[in-house]
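Step one of this worksheet: look at the structure below.
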Amino acid sequence: MIPHRSCPTLLLFLITQGDVIASVGLSHIIGKLNDHLRISTNILYCNEHQKLINYESECLRTAGITRMIYTSAAAVNSSRLQRHIGDGSQLFVVISTEPPYDLLRTLDLRFQNADFLIVIDRRIDREMWLAYVQHAFELGYVRLLLHTTPNGGVYGKTLFPKVRIDPTTVEQYLQHRASMRDLHGYPVRVAAYKNVPRSFMYVNSWGRMVYAGFYMRFVRAFLDSRKATFIPVHTPNDSPGNCTLALRNETVDLCADSLAANPEMFSLTYGFRIAYANVMVAHAKKLLSYRYLEAPFQISVWLCLVTYVILIVGFLSCIHWQQHRRWDFSKYLLEVFSSLLFAGFSLRSIRGRERYILFGVIFMTGFVYSTMYLGLLKSMLISEVFEPQINTFEQLVASNTTLLVDPYDRILFAKYNMPEVLWSVVQTVTFETLLYHRNRFDQSYAYVLFTDRMALYETAQLFLRHPRLRRIPINFAFLFTGIPMRKRWFLKEHLSTAWYHAFESGLTRKLSEDANNEAMSVGHLHYLITEHLEAKPLDLDYFVMPAIALALGSGLAIISFVIELTAWRICRSRLRV
């Protein structure tokens, strides 16, 4: 065992009265525990002050160990003591005639990994102390060692298949204190619900219920290694909030899921896996066919082109009026459009040098515009063009896209600082409604996903040329998460250690990949297949461009007619004058 750098300690249980000979035996036991566990601080407890002073002076004065002395349970502040001595090995030395139930209440489920040495100055009453060991076990305290001073006896506890007290030695206690290899089928209740890919259930081809998911698989492997019995407990629905409620009510021992820390409700394994969230939004959609015609030029270029047409047509019409005293706006509008389309055009109505100058200007302008336009249009038709992609939260809000969250995630994001800009588009829906839209990759909404679940949805889109949903590349809600378990569960440290080794070895990554593939194979999500190019009936989109061209042509014709009619009436009124 690796010691903590700050002052580690052992546990607070020495229940004894004794003489000098017994004190020598006690000093030997404490010395062995301190040396083997590398203890630097002992915590002494006894509700009889003089007795505590006698033992402290006779047994521990020469031990060279820092001592913290308490003479009543009320004097023990468990939270302050925990902050002071850290999370290393602890030794609580408690001197008491009766089982110290009051001390366990004072510790408030802290120091469950500490070692308890119980020293008794009389022959051991097995029935009385067996009840105490059972009570301590139910609270998660399992490292108990009893010592009787009259005969120097040392007793350890055996928890499985039933709790009992047996004679032992300090060496045997140290050898087996951290061992929980064989639980003899001890039932462990695990909350079972569908939270793909962490935990889910399905019926296989043989009609058997399979409990899968990479958290669930890890938990089951851990229980199998300890020879415990896996007992699934189905929650009312698939919301993680029911897991939290079940842990608080102690109807389950642990959940095969990853939850953020909530010390008031449950305990967690080591939080080695840093989770963060991303917003998943619809991938930019392809432009409709009629949009391709305006896509090659930006709005500024189109404005320049409109200005050019108006100026050139107006200039040609003015020259024609000067030479022929007749206004012909529509004719020159068609001439300019013909030049831009690089079709045949002529300026026969214009006489003199002006014709050649204007012909060259219009020809060169039409050539440049049409060549650039056709080149860009061809490249876009080959490579595809999409609508602007949402890459920031501000763009998401501006697009008026609703961000769906369930009640549990709303509470979580309120606690772990969801960006304020997103709250304006958040809509809270039931967990079932969220899954309905998210599992169908509904592009009408945005979704928040944490890292492990994001990998599943990206796997489902593996064969798409363009994914339906993609993440906004901004991380938020960073969490240290772990496997949740009830606060009084005795296997907390063992599960935490196993989870640490699984993470360190890369096993969790392998389990995650396998869970993604298993979830896809049983239909929780399906691989999305790219649509094949094939002949399709004409839809409304096919007629949009002709309709736009017809409306644009009609509009220009009306404008030309109004201009020419207005000019004719002005000229006629002037002739009458």
Side-chain angles (χ1 to χ4, degrees), residues 10-19 21-23 25-26 28-30 33 43-48 51-52 55 59 70 72-73 76 91-109 111-188 228-229 250 253 486-491:
L10 234 153
L11 199 50
L12 253 168
F13 288 123
L14 243 151
I15 305 173
T16 173
Q17 303 172 7
D19 50 31
I21 296 176
S23 300
L26 176 60
H28 174 74
I29 293 173
I30 295 175
L33 293 174
I43 302 172
L44 309 182
Y45 171 82
C46 181
N47 55 11
E48 298 181 38
K51 186 188 300 183
L52 178 61
Y55 272 94
C59 301
Y70 294 94
S72 68
V76 180
L91 174 59
F92 284 69
V93 180
V94 179
I95 303 172
S96 177
T97 303
E98 301 295 327
Y101 290 99
D102 58 341
L103 181 61
L104 292 183
R105 289 192 295 269
T106 303
L107 293 180
D108 193 25
L109 301 182
F111 305 104
Q112 290 170 312
N113 297 329
D115 293 77
F116 292 72
L117 175 60
I118 304 175
V119 182
I120 311 168
D121 67 339
R122 62 184 68 174
R123 296 185 65 84
I124 188 169
D125 184 341
R126 290 179 180 269
E127 186 174 334
M128 179 178 66
W129 287 103
L130 185 63
Y132 178 75
V133 170
Q134 178 71 44
H135 176 72
F137 170 59
E138 292 172 355
L139 294 179
Y141 298 95
V142 295
R143 294 177 180 176
L144 304 179
L145 184 65
L146 294 88
H147 171 62
T148 57
T149 58
N151 58 2
V154 179
Y155 299 87
K157 51 74 185 90
T158 301
L159 299 176
F160 307 102
K162 66 178 181 178
V163 179
R164 65 180 188 270
I165 297 176
D166 299 317
T168 187
T169 64
V170 178
E171 291 76 10
Q172 290 176 339
Y173 169 78
L174 292 173
Q175 181 180 359
H176 299 291
R177 62 182 284 276
S179 176
M180 288 282 180
R181 294 296 180 187
D182 189 355
L183 302 187
H184 294 272
Y186 181 82
V188 176
T229 302
E250 297 195 341
D253 296 308
R486 64 184 178 92
K487 298 173 71 173
R488 301 197 296 177
W489 199 46
F490 66 98
L491 287 175

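Since the model is a prediction, treat every value here as computed from it, not as a measurement. We're numbering straight along the sequence, starting at 1.
Listed by chain and number, the residues in a side chain to side chain contact (heavy atoms under 4.5 Å, CB included) with D108 are S78, R110 (sequence neighbours excluded). Qualifying ring-ring contact (aromatic ring centres under 6.0 Å, His included) partners for Y155, counting only residues two or more places apart in sequence or in other chains: none. Residues passing the side chain to side chain contact (heavy atoms under 4.5 Å, CB included) test with E250, sequence neighbours excluded: R486, R488. In this structure H176 satisfies the ring-ring contact (aromatic ring centres under 6.0 Å, His included) test with no other residue, sequence neighbours excluded. Residues forming a salt bridge (Lys or Arg N to Asp or Glu O under 4.0 Å) with D125 (at least two apart in sequence, or on another chain): none. Residues passing the side chain to side chain contact (heavy atoms under 4.5 Å, CB included) test with R123, sequence neighbours excluded: N151. Contacts of Q134 classified as side chain to side chain contact (heavy atoms under 4.5 Å, CB included), with partners at least two apart in sequence or in another chain: F137, E138, V163. For T168, the side-chain hydrogen bond (donor to acceptor under 3.5 Å, both in side chains) test picks out Q172, with sequence neighbours left out.
Side chains of R143 and Y173 form a contact here, defined as non-hydrogen atoms less than 4.5 Å apart. In this structure, the side chains of D253 and L491 stay at 4.5 Å or more apart for every pair of heavy atoms.
Between atom CG of residue L146 and atom CD1 of residue I165 there is a gap of 5.5 Å, rounded to the nearest 0.5 Å. Note that CG of L33 and CD1 of I29 are 7.5 Å apart. Values are rounded to the nearest 0.5 Å.
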Begin from the C-alpha positions of M180 and L159 and carry the test side chain to side chain contact (heavy atoms under 4.5 Å, CB included) through to its verdict. CA-CA 10 Å; M180 288 282 180; L159 299 176; 3.8 Å; yes
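Within the structure, salt bridge (charged side-chain N to carboxylate O under 4.0 Å, His left out) contacts touching residues 150-170 (residues at least two apart or in different chains) are R164-D166.
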